Amino acid sequence: MVMEAEKKMNQLQAEHVYVNGHQLSREELSLLQGCANPPPKLKPGCYWYDKDSGLWGKMGSLLLSSSLQTFPKRFRFGQGSTPNLPLVRQFFPSNNSSSPFPSKSITLTTKNCKGLLCNSSMAEESVEKLKPGVQIYESEEDLSVSLAKYTADLSQKFVKERGAFTVVLSGGSLIKSLRKMVESPYLDSVDWGQWHVFWVDERVVRKDHIDSNYNLAYDGFLSKVREWEEEILSVIRDFERWGKLSVLMSSCLPECTLQCVITSITSQRKWAPQVRRSPAFGGRGEWKEGDRWGLCVGGRVVATTMGMFALFLPFLFSFSALEGVPVPPGHVYAMNDALPAEGAADDYETRLKQLVKTKVLDFKPASEFPRFDLILLGMGPDGHVASLFPGHNLLNENQRWVTFVKDSPKPPPERITFTFPVINSASNIAVVAAGAGKSDVVRRALGSKTTSDLLPVEMVSPEDGEATWFLDKHAASKL
Ligand SMILES: O=C1O[C@H](COP(=O)(O)O)[C@@H](O)[C@H](O)[C@H]1O
């Protein structure tokens with residue numbers, strides 16, 4: 001095995017392989033190629049790896065192999081469960097450039113992977129002009145993968161810290177840039193059940209109207225999460241059918257039974273679930289009271305058999321673990337589309353205040369504004385964010401949480417919107433812009449020149465949170 005791995009190593013240079021943003025050493029490449037189920041035809045490039053599930057894939061693409069079983073234990077990069085992205089340039093205020101939760105000093109990372117947009121002297125020149133927390137990607141595709149990782153990391157952090165993740169969406173192109181969130185590995189690893197989804201602005205139209213930001217997010221994002229629920233339920237239905245067969249086999253050939261169930265599900269689904277034995281999931285020890293069959297999808301246990309019944313009735317499941325999978329409908333806070341603009345803004349603000357009372361939504365006692373965990377902000381080519389447009393008097397609103405506009409320069413004219421005090425109270429703000437159409441406004445917002453009349457996007461400045469800009473190279477082309 002070792003000799004075989006060494007032969008392969010001669011053909012592939014370890015320094016050309018990155019896993020979760022980490023450049024492999026010779027020893028790590030050897031481990032990878034010698035593990036139980038090595039990736040076939042490994043080539044130079046960037047890969048992601050989830051140590052919990054063993055899932056592995058090419059950065060930005062689907063699964064390659066589902067069981068790098070011996071791989072995780074000795075790998076230094078096996079800390080995170082979500083992929084990092086090849087950055088073209090990263091200007092990140094961090095003491096640790098791989099941390100998703102940056103602190104103050106500016107560092108420039110040009111280390112990772114392909115296609116650097118600039119040579120290092122150009123980059124150092126540019127870093128003088130740029131604000132910290134600006135990430136520039138070779139393509140919108142790379143931006144999208146990185147945005148998903150950033151969002152998934154924050155979700156994990158806040159769910160762990162406060163048992164909920166309050167995330168605010170924009171309309172427009174942001175939803176397309178969020179598409180990687182509803183693909184592997186995030187679709188099955190994110191704790192959607194703890195998500196609470198809001199909108200930073202909404203057009204005063206019916207929810208099923210083509211202009212509705214809810215409608216856009218539903219089609220491009222939320223519906224995917226719910227389809228995922230359907231997938232899991234149908235896998236469980238299959239598992240129930242096959243469970244009867246495993247009754248016959250479980251006493252004498254448990255591993256074989258396991259294989260049967262896996263093969264059954266895998267042949268009918270486009271992704272591979274793993275069925276393991278608990279409590280250690282994967283252990284092969286003797287069956288004892290408390291041991292259960294578990295159905296894992298992407299590392300998450302979605303159903304388990306019930307205790308000792310498992311020996312006889314492995315088709316009896318406890319579905320409790322399922323509850324956390326999709327975003328529950330009650331956690332999706334769409335605007336009330338039966339109300340006119342003013343009433344809809346009042347109603348949304350009242351609902352936010354209730355969520356503060358029930359502690360779903362965090363609150364800043366000093367300023368008396370809500371504190372969202374993450375606001376994902378798109379930006380118009382004119383520099384507007386949310387429905388806060390250049391030169392509009394709503395830019396100075398400092399009492400209301402949610403207000404309305406009836407003369408939006410961009411159709412439709414009637415909208416509701418969060419105000420700047422709410423936006424700037426967030427713990428994290430991602431400003432996302434892709435395409436050459438945004439390059440002038442990006443230059444104005446991030447370039448060195450300052451003007452007295454601030455564009456709305458220039459007013460995005462979290463009071464004690466972090467702002468991170470996600471730009472593709474076209475949006476950043478005039479920096
Ligand atoms: O009208 C709106 O526009 C902005 C920007 O949209 P984009 O398509 O240029 O990215 C969006 O962020 C906002 O939510 C939306 O209502």
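It should be emphasised that the depicted structure is a prediction, and the values quoted were computed from it without experimental measurement. Atoms within each ligand, like the ligands themselves, are counted from 1 in listed order. When reading the values below, keep in mind they use all heavy atoms of this one structure, side chains included, and skip hydrogens, waters and symmetry mates.
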Look at atom 6 (O) of ligand 1 and say which protein heavy atom is nearest, naming residue and atom and giving the distance to 0.1 Å.
K410 NZ, 3.6 Å

Around atom 16 (O) of ligand 1, find the nearest protein heavy atom and jot down its residue, atom name and distance.
D201 OD2, 2.5 Å

Where is the nearest protein heavy atom to atom 8 (O) of ligand 1: which residue, which atom, and how far?
S173 N, 3.0 Å

Going by the order shown, which atoms of ligand 1 are within less than 4.0 Å of some heavy atom of R415?
1 (O), 2 (C), 16 (O)

What atoms of ligand 1 come closer than 4.0 angstrom to any heavy atom of G378?
12 (O)

Is there a nitrogen or oxygen of S387 sitting under 3.5 Å from a nitrogen or oxygen of ligand 1?
no

To the nearest 0.1 Å, how far is atom 4 (C) of ligand 1 from its closest protein heavy atom, and which atom is that?
H384 NE2, 3.2 Å

Salt bridge flag under 4.0 Å for residues E141 and K180
yes

Sort out for me which residue in Y333, F372, W401, F198 forms a ring-ring contact (aromatic ring centres under 6.0 Å, His included) with F418.
F372

So the atoms of ligand 1 within less than 4.0 Å of a heavy atom of N213 turn out to be 14 (O), 16 (O)

Is it true that R371 and E463 make a salt bridge, defined as a side-chain N closer than 4.0 Å to a carboxylate O?
no

In a check of side-chain contact (heavy atoms from CB on, under 4.5 Å) between V442 and each of K478, M379, H474, which one passes?
M379

Tell me yes or no: between the side chains of D373 and T166, is some donor less than 3.5 Å from an acceptor?
yes

Atom indices of ligand 1, in the order listed, that fall short of 4.0 Å to a heavy atom of K438
7 (P), 9 (O), 10 (O)

Should the heavy atoms of other residues, nucleotides or ligands under 6.0 Å from CZ of R206 be counted, would the total exceed 12?
no

Got a salt bridge between K149 and D153, using NZ or NE/NH1/NH2 to carboxylate O under 4.0 Å?
yes

Would you please determine whether R203 falls within less than 4.0 Å of ligand 1 on a heavy-atom basis?
yes

Say whether G171, considering both its backbone and side-chain N or O atoms, lies within less than 3.5 Å of an N or O atom on ligand 1.
yes

Between R400 and D346, is there a salt bridge with N-O shorter than 4.0 Å?
yes

